[in-house]
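Report on one structure; see the data block that follows.
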Number of protein chains: 2
Amino acid sequence: MIEIPKPTLGRLPLYYRALVAANEGGIEILSSAELGENAGVDSAQVRKDLTYFGQFGRPGVGYNVVNLLAELERILGLKNPNEAVLIGAGRLGMAICNYPGFSRYGLKIVAMFDVDPAKIGEKLDGLEVFSLEKLERIVGKLGSQIGIITTPAPSAQQVANKLVAAGVRAIWNFAPVNLKVPPSIILRNEDLAVGLATLSHYLSGKK
Amino acid sequence: MIEIPKPTLGRLPLYYRALVAANEGGIEILSSAELGENAGVDSAQVRKDLTYFGQFGRPGVGYNVVNLLAELERILGLKNPNEAVLIGAGRLGMAICNYPGFSRYGLKIVAMFDVDPAKIGEKLDGLEVFSLEKLERIVGKLGSQIGIITTPAPSAQQVANKLVAAGVRAIWNFAPVNLKVPPSIILRNEDLAVGLATLSHYLSGKK
DNA sequence: TAGATTGTTAATCGATTAACAATC
DNA sequence: TAGATTGTTAATCGATTAACAATC
């Protein structure tokens, strides 16, 4: 099995989005150049990325929008969304819960946890907030595979430990901290400071 | 002038964070191995990254924490924060406004904009929310360099156009859409679907 | 001096881009 | 058939990793 480059994986949602838009616009065929244009990616890159998964186009014609949409849905696993729990029902946590069409992108948040007594037992956006103490039990019962950490940085490592103990396979960390987890755990950090550093470097450079 | 690799820029905040923690812990010297351990980066990578900006260590000894902290503050421009306006005072917008110690990372949000009449004129976290119609005038007056877009996807392009017209130099886009902006504009997309795609790929793979 | 660790060069690895034969 | 566009190989580019002389 050939390894998929990480950047390729990151571009698939961009293609998916461009295809959804094209489909809604009634467009039936898209060339790699057109698809790339709408996704912000070079046409050669588009073709190369897609060939990691199969041959979806017709030479001299292009890609069938509906067909390629279906392929990407399959590749991205959008039909069988992953179930996740979210820890930290603050603003960021709620924002993520409400990320537009998150379910559409293959994620379903099934429970929220917090330490704030004022939030525990409440329903936020139709989702009950549980005490952090119940994390291990509930994750075990639900069999959730993903834990999303949106707590303040100082609590994040402790929460990560609980998630690992509870048996999640992946952690999506939004707290600005370097988490230590066993190598078997899939860890993805979403770090705003990283984006900001890039931005401000270019700002200071191109005077 | 040597071009700084983008991945290097993204790792600087990780080093900065590790150094802050070390400094608070009273640690005065850190080797590249120790710094890398705390930042989640290989030691050779740490040394290589730092040499793009200068020579900050002492062979046989390591890096002086306070000294390197000061250098990184300078490199990241944390002493002269960039001023930004934020458009879209929803949950995500508010979450970003409250990102822990954002000011510490060199960003100061100076005004918020929204189209919701219920929000316009209100003060959210001490920041007044203005009508989107006033965007161009206020950005011009304040001379803001960065526009942060946290609107729903369908409005994002229109907001980006207004920001460009108003004269911002950089756009930090959180809406899941491919924005078209002139090449002179620095554009950074923060896209949750990208992270999710990566996570779910690995989840489905390592059965 | 002996031991440790930097800064830097060279080797490796991985991703992007260019080019084009095959195909519609 | 002539024109267009894919899939794929080869060339280029850029980043990471390894190795080690210089330095403390």
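Below, read A as the first sequence line, B as the second, and so on, with proteins coming before strands; counting in each chain starts at 1. For the numbers below, each heavy atom of this structure counts, side chains included, while hydrogens, waters and symmetry mates do not.
- Note on A:Gln45: a side-chain N or O is less than 4.0 Å away from OP1 or OP2 of C:dT17.
- Annotation: side chain to side chain donor-acceptor pair (under 3.5 Å) contacts of B:Tyr99 (sequence neighbours excluded): none.
- Here B:Lys6 pairs with nothing under the side chain to side chain donor-acceptor pair (under 3.5 Å) rule; sequence neighbours left out.
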Just distance, no hydrogens or angles: give the donor-acceptor pairs under 3.5 Å from side chains in residues 24-34 of chain B, sequence neighbours left out.
from, atom 1, to, atom 2, distance (Å)
B:Ser31, OG, B:Ala33, N, 3.4
B:Ser31, OG, B:Glu34, N, 3.1
B:Ser31, OG, B:Glu34, OE1, 3.3
B:Ser32, OG, B:Arg47, NH1, 3.0
B:Glu34, OE1, B:Ser31, N, 2.8

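- Residues from residues 61-72 of chain B lying near DNA chain C, meaning a heavy-atom separation below 4.0 Å, are B:Val61, B:Gly62, B:Tyr63 in numerical order.
- Side chain of B:Asn23 to backbone of B:Leu19: no donor-acceptor contact under 3.5 angstrom is found.
- If you take CG of B:Leu50 and C1' of D:dT16, they are 15 Å apart, rounded to a whole angstrom.
- Under the side chain to side chain donor-acceptor pair (under 3.5 Å) criterion, B:Asp49 pairs with B:Thr8, B:Arg11, B:Tyr15, not counting sequence neighbours.
- Applying the ring pair (Phe, Tyr, Trp, His ring centres under 6.0 Å) definition to pairs two or more places apart or across chains, those involving residues 174-199 of chain B are B:Trp172-B:Phe174.
- Side-chain contact between A:Ile185 and A:Arg169: absent, with no pair of heavy atoms (C-beta onward) separated by less than 4.5 Å.
- The closest donor-acceptor contact from the side chain of A:Ser144 to the backbone of A:Ile146 lies at 3.5 Å or more, if one exists at all.
- Within 4.0 Å of A:Arg58, counting heavy atoms only, lie sugar-phosphate atoms of the nucleic acid but no base atom.
- Atom pair A:Asp42:CG and C:dT17:C1' shows a separation of 7 Å (rounding to whole Å applied).
- The side chain of B:Gln55 contributes no N or O atom lying less than 4.0 Å from OP1 or OP2 of D:dT23.
- A heavy-atom distance below 4.5 Å is found between the side chains of B:Leu127 and B:Cys97.
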> Dot-bracket for DNA chain C: what is it, with Watson-Crick or G-U pairs under 3.5 Å, [ ] where a pair crosses earlier ones, and | for a pair to another strand?
Replying inline: ..||||||||||||||||||||||

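- Summarising the geometry, the separation between NZ on B:Lys6 and P on D:dT16 is reported as 13 Å, rounded to the nearest angstrom.
- For B:Arg47 and D:dA15, the CZ to P distance is 19 Å, given to the nearest whole Å.
- The salt bridge (charged side-chain N to carboxylate O under 4.0 Å, His left out) contacts involving residues 77-93 of chain A comprise A:Glu73-A:Lys79, A:Arg91-B:Asp125, where partners must be two or more places apart or lie in separate chains.
- Aromatic ring centroids of A:Tyr63 and A:Phe56 lie 6.0 Å or more apart.
- The side chain of B:Arg11 lies closest to D:dT16, out of D:dT6, C:dT8, D:dT16.
- Screening residues 180-197 of chain B for salt bridge (charged side-chain N to carboxylate O under 4.0 Å, His left out), with sequence neighbours left out, gives A:Arg17-B:Asp191, A:Glu37-B:Lys180, B:Arg188-B:Glu190.
- Proximity note for A:Thr51 (side chain, C-beta onward) versus D:dT8, C:dA15, C:dT17: the nearest is D:dT8.
- For B:Asn38, the side chain to side chain donor-acceptor pair (under 3.5 Å) criterion is met by no residue, not counting sequence neighbours.
- Following rounding to the nearest Å, B:Phe56 (CZ) and D:dT23 (P) show an atom-to-atom distance of 19 Å.
- Rounded to whole Å, atom C1' of D:dT6 lies 15 Å from atom CG of A:Asp49.
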Between the protein and nucleotides 10-14 of chain D, list the N/O to N/O atom pairs that are separated by less than 3.5 angstrom.
none

>> Apply side-chain contact (heavy atoms from CB on, under 4.5 Å) to residues B:Ile96 and B:Leu86 and explain how you reach the verdict.
In response: CA-CA 9 Å; B:Ile96 286 170; B:Leu86 185 147; 4.1 Å; yes

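- When each of A:Gly60 and A:Pro7 is assigned the nucleotide of DNA chain C bearing its nearest heavy atom, the one mapping closer to the 5' terminus is A:Pro7.
- In the region residues 12-37 of chain A, proximity to DNA chain C at under 4.0 angstrom, judged on heavy atoms, holds for none of the residues.
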